[in-house]
Amino acid sequence: MSNWDVVIGLEIHAQLQTQTKIFAPDGASYTEDVNKNISEISLGYPGALPVINEKAIEHSIKIGLALNCDIRSNSVFARKHYFYPDLPKGYQISQFDLPLCEGGHLEFSLNGEIKKVGIERAHMEEDAGKSTHRGGYSLIDYNRAGVPLLEIVSKPDMTSGAEAAEYARTVRSILRYLDVCDGNLEEGSMRCDCNVSLKPAGQKELGTKVEIKNINSFRFIEKAIDYEIQRQAAMLEAGEVIHQETRLYDSTKNKTFGMRSKEEAMDYRYFPDPDLLPIHVSEDLIEKIRKDLPELPIDRAKRFTSEYGLPEYDALVLTADKALSEFYEKTAVNCKNPKAASNWIMGDFLKRFNDSGLELENIKIKPESLGELIVLIDRGELSGKMAKSVFDQMWDSGDKPENIVKEKGLSQISDPDEVEKIVDKVIHNSPGQVEQYKSGKDKLFGFFVGQVMKESKGQANPDMVTKILKEKLES
Amino acid sequence: MIDKKTLEKSATLSRLHLNEEEQGLLLEQMKRIIGHFDNLQKVNTEGVEPLYKAVEMENVWRKDQIFEMTDPEKLLSKSPEVQEGQVKVPQVVK
Amino acid sequence: MIESISGFQKKIDQGATYVNECEAAFKRIEEKDKDLNSFISLNKEQALESAQISDERIKNGESKRPLEGVLFSVKDMFCVSGTKTTAGSRMLKDFIPDYDATVISRLKNAGAVILGKNNQDEFAMGSTNETSFFGPCKNPWNNKFVAGGSSGGSACSVAARLSTCSFGTDTGGSVRQPAHFCGTVGLKPTYGRISRSGVVAFASSLDQTGFFSLKVEDVFKTAEVLSGKDLMDNTTSSKEVPKWSNNLELQDLKGFKVGVVKEFMSTDLDKDVKNALDDSIEALKKRGAEIIEVSLPLIEHGVAAYYLVATSEAASNLSRYDGVRYGHRSEKAKEGQVSLDEFYTLNRTEGFGREVKRRILLGNFALSSGYIEAYYKKACQIRRLIREDYFKAFERVDAIIAPVASSTAFKLHEFDGKPLKKFLNDYYTVTVNLAGLPGLSVPVTKNKDNLPIGIQLIANQFQESNLLKAGLNLEDEFKFYKEVPNV
């Protein structure tokens, strides 16, 4: 792979959470019933005119600011023409050469390194309806036609599938922090297209890019891109030419494949939509929105490092997801041990969470409970090892730690007299090993520790065991 | 200027079919018309911003509140073919 | 026969009923319109219901609404709920919207009666009403000639005294020219005065609803009721609508400056039209106006710039007509053996007439990659320069006087197969739309073929009051409304 530079750019479409569609007063949220959220405007009836939704503009500005973009003071809607049954007017209202947002950037951590990816632009547009394909015919539902979208186009700054996936995760995180889009790749409220091209190492001119459309998970983004890179590299090595095309990703085969080839590149005939005025955004409005922005992931990460003394990497992991960061913070505040809270969440918690495939709002364990667990450990009432088992039970049942500890009698034995009793018992029962230890076999110390733990059913406070054992064996 | 190939391209973009005769006639007419349009090239427009809206106007943004315009069922009933509450068209994907 | 809104209201005051007047109008339409073909469809049930309500209001002593019971007809570009709205096209020949255009609901709220939908060129594309799927509309003064277009039916029905006032749309002259051909008053207000919501779109940045009547005061009374910001149309202006109906008295033109366009004077006008124009200028001078020569140096490029912008926007606006959600769907397509592209192509090829197809092809050409800079964008640059020329002229004059067309009404079929020649006839009207200006056509005389001649007044944006002032004077001078065609 060292012969080739990999160039990756991502186009992300975010469905904005507004009450109504971008150009029509029909409802914009998902509904079971087909063709219910429709009007003459969203269906492109004769004489119907688009009317811009102020919330869609506000949400878009929010996203632009969070992506460090410049917000254009006069941006223009343009018509993008093509024929497709889910596109009622025969054109999509989008933005072309004067988009709302331009020139931003995004930072995120990948394998301990901080990456920075440029944002080319973000522009507003309307969504199309949904087609269902059957044998010989297709059915169209227009509920989604006209839902507001913000298309976020990155600069081609990424160089690996992993980086692209992490970029996409970061964008999603920001969208959720802003509460403007729920960023669900599977359901399609966030859609991701990837552009991949290769060029000879060091060459300035970019190679031909291939688009991979509509990848519906972050893992697949990484895999699809990795596959595509290999595919293109193999072709180039063999002297073949890469043609500009659109491909889809098959997750079962882990391959990208070409769509039925289109005759020619579409001529969209963009021109400014004469039914709409330019969006004039005042400095005042931008400042107002900027002021009201919630704490963004990167700022929260900085705050976690300064307020809770967490290392940068940990802070980035904990703030990647808004709900997770809130879970962490509640836990940390509750147990007053931010470092321990961080260790628990980044360790046992995330392991079980990732395996579960659940959403954070659906897990049983509560941050307050995790906090209490940490308090028990800090007080010495529960050994670290025991705590792991308690945690697992908390995860499964949602029960509070004290209840589990009490029920299962798992309290750590930290009373020195009690520990001493057990140590004495073990020493008494292992004279041979004591003899060997005293004559120089230091390694046998572990044997005694093991015996004490066995005798105490794992509940003896390990530090105390070590201390008392040492005292007794050295005397 | 326009030639047969360009006319065909335009017809495809327009989703219009022209038979041989129509094509021939139309091409002649459009050549003349576009020939007239070409006179615009005589005018020096360097530095002139294109004008897309003749009258200056203030934009008014719509409040994000749902209201029903026309009954969705009535709208849907205009479609020549409806199945399962959805608009039916020939297959999109071959 | 009702010749003006005030005349009508007087008749009602003297004891006539709205229902009787409405019924009489339908009777007259049935008799006279067979030959003229100024209506595509009639709205009998709704109209009589509306007239009935008006009569009851009078009986109950309720106040009269601004256009109570007035007999209107509207071009078939206006969506009227429950009535066929065809835009003169096969594509929409059976289309019945369940919504009213904003201007139609405002018209209804003002108490007016809508007699029916007027004939027009298909999708408002044309200048003779000959491209209509429903047959041409003839000139009521001489049926060997056309009524004009694209709002031919609207002009004709007012001239023939079938309706008192009518609605048209004016994109490049489609109200002013048929008004001139048919000897009625035709007003096109400033772009943005009147909502386009619910009006079938031809060219969005040029289209404007306009009005026909026999007397100048009536187009202004109507315009006043219908103008004003509409939240459902982002391209309407928030500028306050002047109370034109408070300024309907004739005033002299002392201090009023009228511009005569240098470039128009050197064009080939028919002798009759030239004489009418000269007489009109004299009349205004006589009444106190100062006549000043102005120049619109780029006016010769108006037709090209207009047709590039108009066809581009039209090609785009007509993309929605595909037979999917409404409108014409080909029988061949219904059989279900066609591909999607064939489906679209069949529906559109069958649904649209020749002129519409030609303009869609031109428009998509002008917008297409490789051509858009030299054609569409270039036209928009010229548009800015033309508007500048007008703004400069209006720094020196209050209104411009000009011909509407170089001749009187064309013979039927005169321009068959000659589309460019036909376009060039729009020379005097199209730049008014490019610059978003208001324009008024006032009938002044007839020629020996009995064909009317109207004269055009043009004012700066939002200065319709100047058109009213000068228009009332022209009308008072020539009193053309006294002429009645023999239908």
Side-chain angles (χ1 to χ4, degrees), chain A residues 18-21 23-29 33-43 45 48 51-58 76 81-86 90 129-142 259-260 263-264 266-267 269 271-274 276-280, chain B residues 2-18 30 34 37 40 45 47-94:
Chain A
T18 53
Q19 294 284 326
T20 64
K21 296 183 178 179
F23 296 117
D26 343 335
S29 43
D33 298 328
V34 293
N35 286 314
K36 278 285 166 292
N37 288 341
I38 56 174
S39 67
E40 52 262 46
I41 299 178
S42 52
L43 255 52
Y45 266 63
V51 191
I52 182 67
N53 175 347
E54 68 177 7
K55 237 322 155 311
I57 299 175
E58 279 171 29
V76 172
H81 301 84
Y82 62 94
F83 284 102
Y84 208 71
D86 66 8
K130 258 206 183 104
S131 316
T132 307
H133 307 304
R134 303 265 177 85
Y137 63 91
S138 302
L139 298 177
I140 321 289
D141 168 25
Y142 292 97
M259 296 169 71
R260 190 173 87 85
E263 308 82 42
E264 310 179 351
M266 293 264 226
D267 184 355
R269 288 154 284 145
F271 75 99
D273 193 321
L276 292 164
L277 298 178
I279 313 174
H280 173 65
Chain B
I2 190 167
D3 59 17
K4 184 160 188 261
K5 192 153 167 263
T6 315
L7 179 59
E8 278 168 6
K9 250 195 206 159
S10 185
T12 307
L13 285 177
S14 310
R15 293 297 186 271
L16 291 172
H17 171 71
L18 303 167
M30 285 176 71
I34 293 169
F37 291 167
L40 291 182
T45 52
V48 179
E49 273 300 301
L51 182 68
Y52 300 115
K53 296 205 161 15
V55 180
E56 292 299 315
M57 272 179 229
E58 223 178 78
N59 207 346
V60 175
W61 297 346
R62 174 175 53 89
K63 295 240 166 293
D64 189 29
Q65 280 160 8
I66 299 179
F67 66 88
E68 189 180 272
M69 293 179 70
T70 297
D71 181 1
E73 273 185 44
K74 288 199 172 138
L75 289 173
L76 201 61
S77 72
K78 304 293 168 200
S79 175
E81 271 190 279
V82 174
Q83 184 177 307
E84 295 160 50
Q86 301 187 63
V87 173
K88 187 176 178 187
V89 296
Q91 190 169 36
V92 166
V93 175
K94 259 209 182 120

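In what follows, every heavy atom counts, from backbone to side chain, and hydrogens, waters and symmetry copies are set aside.
For A/L43, the part lying near chain B is the side chain, with the backbone staying farther off; criterion is any non-hydrogen pair under 4.5 Å. Both the backbone and the side chain of B/K88 come within contact range of chain A, judged by heavy atoms closer than 4.5 Å. At a 4.5 Å heavy-atom cutoff, the contact between A/Y45 and chain B is made by side-chain atoms alone. In this structure, the portion of A/L276 lying under 4.5 Å from any heavy atom of chain B is its backbone and not its side chain. If you measure heavy-atom distances from B/F67 to chain A, the contacts under 4.5 Å come from both the backbone and the side chain.
Within 6.0 Å of the CD atom in B/E56, the count of heavy atoms belonging to other residues, nucleotides or ligands does not exceed 12.
B/D64 and A/T18 share no side-chain donor-acceptor pair at under 3.5 Å.
Separating the CD atom in B/Q86 from the CG atom in A/N35 is a distance of 6.5 Å, to the nearest 0.5 Å. Atom-to-atom distance recorded for B/I66:CD1 and A/S39:OG is 11.5 Å, nearest 0.5 angstrom.
Closest of all the heavy-atom pairs between B/P72 and A/I38 is CB-CG1, 3.6 Å. The minimum heavy-atom distance between A/P85 and B/V89, with the atom names listed, is CG-CG2, 3.8 Å. Contact record, A/L277 with B/K53: CD2-CD, 3.4 Å, taken as the closest heavy-atom pair.
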- Query: Would B/N59 and A/H280 satisfy side-chain contact (heavy atoms from CB on, under 4.5 Å), going step by step from the backbone distance to the final call?
  - Reply: CA-CA 8 Å; B/N59 207 346; A/H280 173 65; 5.9 Å; no
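At distances below 3.5 Å, not a single donor-acceptor pair connects side-chain atoms of A/Y142 with backbone N or O atoms of B/L76. Side chain of B/R62 to main chain of A/A24: a donor-acceptor pair is present (N/O by atom type, distance under 3.5 Å, no hydrogens or angles).
Each of A/R269, A/K55, A/H81 has some count of heavy-atom pairs under 4.5 Å with chain B, and the biggest count is that of A/R269. Among the candidates A/I279, A/D141, A/I57, A/D26, the residue making the largest number of heavy-atom pairs closer than 4.5 Å to chain B is A/I57. Considering only heavy-atom pairs separated by less than 4.5 Å from chain A, the leading option among B/D71, B/V87, B/T70 is B/V87. Considering only heavy-atom pairs separated by less than 4.5 Å from chain A, the leading option among B/M69, B/K78, B/Q65, B/E73 is B/M69. Of the residues considered (B/T12, B/L13, B/V60), B/L13 shows the highest number of contacts with chain A, using heavy-atom pairs under 4.5 Å.
Under the 4.0 Å criterion applied to side-chain N and carboxylate O atoms, B/E68 and A/K36 are not assigned as salt-bridge partners. Between A/E54 and B/K63 a salt bridge is recorded (basic side-chain N to carboxylate O distance below 4.0 Å).
Taking the side chain as every heavy atom from C-beta outward, B/E84 and A/L139 approach each other to under 4.5 Å.
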